Amino acid sequence: MTTLTHRPDTLTRDALAVLQPGFHGTTAPDWLLRRIGEGLTSVGLFGRNIHTPAQLAALTAQLRAERDDILVAIDEEGGDVTRLEVREGSSFPGNYALGSVDDVELTRAVARELGSRLAACGVNLNWAPSADVNSDVNNPVIGVRSFGADPALVARHTAAYVEGLQSAGVAACTKHFPGHGDTAVDSHLALPRIDVGVDTLHARELAPFRSAITAGSKSVMSAHILLSALDPDRPATLSPRILTGLLREELGFGGLIVTDGIEMQAIASTYGIERGSVLAIAAGVDAICVGGGLADEGTVLRLRDALVDAVREGELPEERLADAAARVRALADWARRVRGASGPGAAVQEGTAPGAGTSAAAGGPDIGLVAARRAVRVTGTAEPLQEAPYVASFAAVANIAVGDETPWGVAAELTALLPGTEAGTYGSGSGAAEVLAAAGERRIVAVVRDLHRHSWMAAVLDGIREARPDTAVVEMGVNHAEPAGSPHIATYGAAPVCGRAAAEVLTGRSA
């Protein structure tokens, strides 16, 4: 336990309380433990902090030795975006696969099992689910992270996900308010803009957030996007009109409002992280997420001091900062009480009995594979593979949310079923002749993600299929391009369980 020589004043403690910083390493550094002792109430975990469930549990126990109500947050969407299994790939399909099945009980069961695994490791706040309606099929950052393009479908599955996650004692953080689905720009890189009318926003973007609020989502994450019909001057994260006027007053949300990563370029390159943090708290935000890129003590101190100085200079009302800190502490207290009532790894939402709302058949450790199998869609027919094929995976640059550490595809899963399977990965400089030469006489399985977004990928695939009409195609991204392949298999996501489901279809057997 860290011992303080001088107790920080209330203002400084409140400024630390509203930060959700990351850090490097698989154990907590001394500086982080010291700041927890001074008032820091939340930390954020990323793939770099996690090696095994046992190591993660030891890390969260170390944090709780400093503060028993610490909020430990993670960006664990399942599917393509995983931190818990960043080196292996997720055991669960993501939102797009669940939306394609359109069984809310399945979505609820998947979210509950994922939440149970997080709770068992001591994680109690998940920056999920994504409630974005993926209305722009060329969206470079949402895509398979969305349940789909239909607002009603997204709304019902968002609610089910929130209920399932929180029934395991892990607070949901529904994102990215007021909706990041109709964007062609990644807010990690620049500031996206949505120019549609208020009526469209209410009917489309806001529908899932209304459902999440009704379902009791403990927190909501703001988006770094400009919605001209709501606020033509400031992105949502910095907009009092959107966060206080719309989310708090009109939609009646009383929980914690968290920013998306404040160091993302949509904010950092336009306002800077210090001023951006001050404006966000003033607009109605309660917690500043930082640490995906900036994960050091200096960043925490810069943001702490910026908030303290803004109060002392009259730019940020002290009562607004105090209210934000109180909301963080209230959620931390909820998480502590729920965990304490159920024991580590068995936490449940208050008023919910363990197992309520799910049956043994609906849940369990294999629920991810069950869901992935149900999501697969097959167009066309072909004889099952009898001999080891050649798997050609076409890889575009992964967006920052997904990252490039996590394995994807079907090669490993096909190898388990057909030993001797060979594979290669191809980028935008590749051609069909290169793939055909590598494949030789083997049957080709071409694996793509978001084929409709990448003309080079489509051109190479056309060349392969012209020479080898029996090529099987596996689409592991948004299934928007015209199906082509013998057969064409859509998995609605690229997690290993999705790859296994596709491999089972290709071979006509399971491992």
Side-chain angles (χ1 to χ4, degrees), residues 20 42 44 71-78 81 94-95 98-99 104 107-112 114-116 118-119 123-133 142 145-147 151-181 202 205-223 236-237 242-244 246-260 284-287 289 324 327-335 337-339 347-352 356-357:
Q20 291 189 347
S42 311
L71 279 173
V72 182
I74 198 169
D75 191 9
E76 183 59 45
E77 298 176 14
V81 178
N95 287 1
L98 296 173
V104 292
T107 295
R108 188 176 289 110
V110 166
R112 179 181 173 82
L114 187 151
S116 295
L118 292 175
V123 176
N124 53 17
L125 172 59
N126 191 10
W127 294 318
S130 169
D132 306 296
V133 178
I142 301 300
R145 301 167 66 196
S146 167
F147 289 109
L153 180 146
V154 176
R156 61 179 172 264
H157 285 277
T158 296
Y161 195 106
V162 167
E163 291 163 355
L165 190 64
Q166 293 188 170
S167 73
V170 175
C173 185
T174 306
K175 62 188 184 185
H176 306 80
F177 184 84
H180 207 313
H202 276 268
E205 272 74 17
L206 295 180
F209 290 96
R210 290 193 189 93
S211 292
I213 292 167
T214 299
S217 184
K218 292 293 181 180
S219 61
V220 166
M221 178 175 282
S222 67
T237 294
I242 293 174
L243 297 184
T244 299
L246 177 59
L247 182 55
R248 285 278 187 233
E249 296 172 2
E250 186 173 343
L251 300 185
F253 178 66
L256 191 76
I257 301 177
V258 184
T259 71
D260 206 344
V285 158
D286 304 306
C289 172
R327 289 181 188 275
V328 174
R329 294 177 188 127
L331 182 57
D333 183 63
W334 171 85
R337 287 186 287 111
V338 170
R339 182 177 178 84
V348 294
Q349 190 172 6
E350 291 169 300
T352 306

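If you're wondering where the values come from, they're calculated on a predicted model, not measured in any experiment.
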Peer 1: Go through it in stages, so that I can follow the logic: the residues are V72 and L125, the test is side chain to side chain contact (heavy atoms under 4.5 Å, CB included), and I'd like the CA-CA distance, side-chain angles, deciding distance and then a yes or no.
Peer 2: CA-CA 6 Å; V72 182; L125 172 59; over 6 Å; no

Peer 1: Once rounded to the nearest 0.5 Å, what's the spacing between atom CG of L256 and atom OG of S42?
Peer 2: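 Result: 7.5 Å between the selected atoms.
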
Peer 1: Testing V162, N95, V104 for side-chain contact (heavy atoms from CB on, under 4.5 Å) with H157, which one passes?
Peer 2: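 Passing option: V104.
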
Peer 1: With a 4.5 Å heavy-atom cut-off, do V133 and F147 have their side chains touching?
Peer 2: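 No, every pair of side-chain atoms sits at 4.5 Å or beyond.
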
Peer 1: Indicate whether the side chain of D132 and that of H180 have a donor and an acceptor atom separated by less than 3.5 Å.
Peer 2: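 No, no side-chain donor-acceptor contact under 3.5 Å.
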
Peer 1: State, yes or no, whether a side-chain contact exists between V328 and Q20 at a heavy-atom distance under 4.5 Å.
Peer 2: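 V328 vs Q20: side chains apart.
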
Peer 1: Where do A168 and A119 come nearest, in terms of heavy atoms and distance?
Peer 2: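 Shortest heavy-atom separation between A168 and A119 comes out as O-CB, 3.6 Å.
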
Peer 1: Might you point out which heavy atoms bring E77 and Y161 nearest each other, and give the distance in Å?
Peer 2: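 That would be O-OH, 3.4 Å.
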
Peer 1: With rounding to the nearest 0.5 Å, note down the distance linking CD1 in I142 to NZ in K175.
Peer 2: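 It is 8.0 Å, given to the nearest 0.5 Å.
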
Peer 1: Taking the side chain as every heavy atom from C-beta outward, state whether C173 and V220 have any pair of such atoms under 4.5 Å apart.
Peer 2: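 SC-SC contact between C173 and V220 ruled out.
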
Peer 1: Testing the basics here: between E163 and A215, what is the closest heavy-atom pair and its distance to 0.1 Å?
Peer 2: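 Closest heavy-atom pair between E163 and A215: OE2-CB, 3.8 Å.
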
Peer 1: Do R112 and S167 get their side chains close enough for a donor-acceptor pair, meaning under 3.5 Å?
Peer 2: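 On atom types as modelled, these side chains qualify, holding a pair under 3.5 Å.
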
Peer 1: How long is the straight-line distance from OG of S211 back to CG of L206, given to the nearest 0.5 Å?
Peer 2: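 Those atoms lie 11.0 Å apart.
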
Peer 1: Measuring only between side-chain heavy atoms, which start at C-beta, is E249 closer than 4.5 Å to T244?
Peer 2: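 Result yes, sub-4.5 Å side-chain heavy-atom pair found.
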
Peer 1: Go through L114 and V170 one step at a time and tell me if the side chain to side chain contact (heavy atoms under 4.5 Å, CB included) criterion holds.
Peer 2: CA-CA 10 Å; L114 187 151; V170 175; over 6 Å; no

Peer 1: Taking the side chain as C-beta and beyond, is there a heavy-atom pair between S219 and I257 under 4.5 Å?
Peer 2: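 Side chain of S219 against side chain of I257, heavy atoms only: no contact under 4.5 Å found.
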
Peer 1: Less than 3.5 Å apart, any donor N or O on the side chain of W334 or Q166 sitting next to an acceptor on the other?
Peer 2: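 Note: W334 and Q166 side chains miss the donor-acceptor criterion.
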
Peer 1: Evaluate side chain to side chain contact (heavy atoms under 4.5 Å, CB included) for N124 paired with L71, printing each intermediate quantity in order.
Peer 2: CA-CA 6 Å; N124 53 17; L71 279 173; 3.8 Å; yes

Peer 1: Is E250 paired with R210 through a side-chain N to carboxylate O contact shorter than 4.0 Å?
Peer 2: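 No.
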
Peer 1: What I'd like to find out is whether the side chain of D75 reaches to under 4.5 Å of the side chain of V81, using heavy atoms alone.
Peer 2: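 They are in contact (side-chain heavy atoms under 4.5 Å apart), so the answer is yes.
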
Peer 1: Any idea which heavy atoms bring G99 and L153 closest together, and the distance?
Peer 2: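 In this case the closest contact between G99 and L153 is O-CD1, 3.5 Å.
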
Peer 1: In plain terms, say whether D333 and R337 are close enough for a salt bridge, that is, a side-chain N and a carboxylate O under 4.0 Å apart.
Peer 2: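 Counted as a salt bridge, because a side-chain N and a carboxylate O are separated by less than 4.0 Å.
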
Peer 1: Looking at every non-hydrogen atom in both residues, tell me the closest pair between S146 and V154 and how far apart they are.
Peer 2: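 Minimum heavy-atom contact is OG-CG2, 4.4 Å.
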
Peer 1: Is the shortest side-chain heavy-atom distance between L243 and S222 below 4.5 Å?
Peer 2: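 In contact.
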
Peer 1: What distance separates F177 CZ from L246 CG, expressed to the nearest 0.5 Å?
Peer 2: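 F177 CZ to L246 CG: 4.0 Å, rounded to 0.5 Å.
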
Peer 1: Nearest 0.5 angstrom please: H176 NE2 to E205 CD, how far?
Peer 2: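 Taking NE2 in H176 and CD in E205, the distance rounds to 13.5 Å.
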
Peer 1: Within a strict 4.5 Å, meaning less than it, do heavy atoms of the I242 and P178 side chains meet?
Peer 2: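 The answer is yes, as the side chains (C-beta and beyond) meet within the 4.5 Å cut-off.
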
Peer 1: Nearest 0.5 Å, please: how far is CD in E76 from CG in N126?
Peer 2: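 So the CG of N126 and the CD of E76 are separated by 6.5 Å.
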
Peer 1: I'd like to know if R329 pairs up with D286 as an ion pair, taking the criterion as any Lys NZ or Arg NE/NH1/NH2 lying under 4.0 Å from an Asp or Glu carboxylate oxygen.
Peer 2: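 Salt bridge between R329 and D286, a charged N being under 4.0 Å from a carboxylate O: no.
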
Peer 1: Identify the two heavy atoms, one from A131 and one from T174, that lie closest to each other, and give their separation to 0.1 Å.
Peer 2: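 Minimum heavy-atom separation between A131 and T174: CB-CG2, 3.5 Å.
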
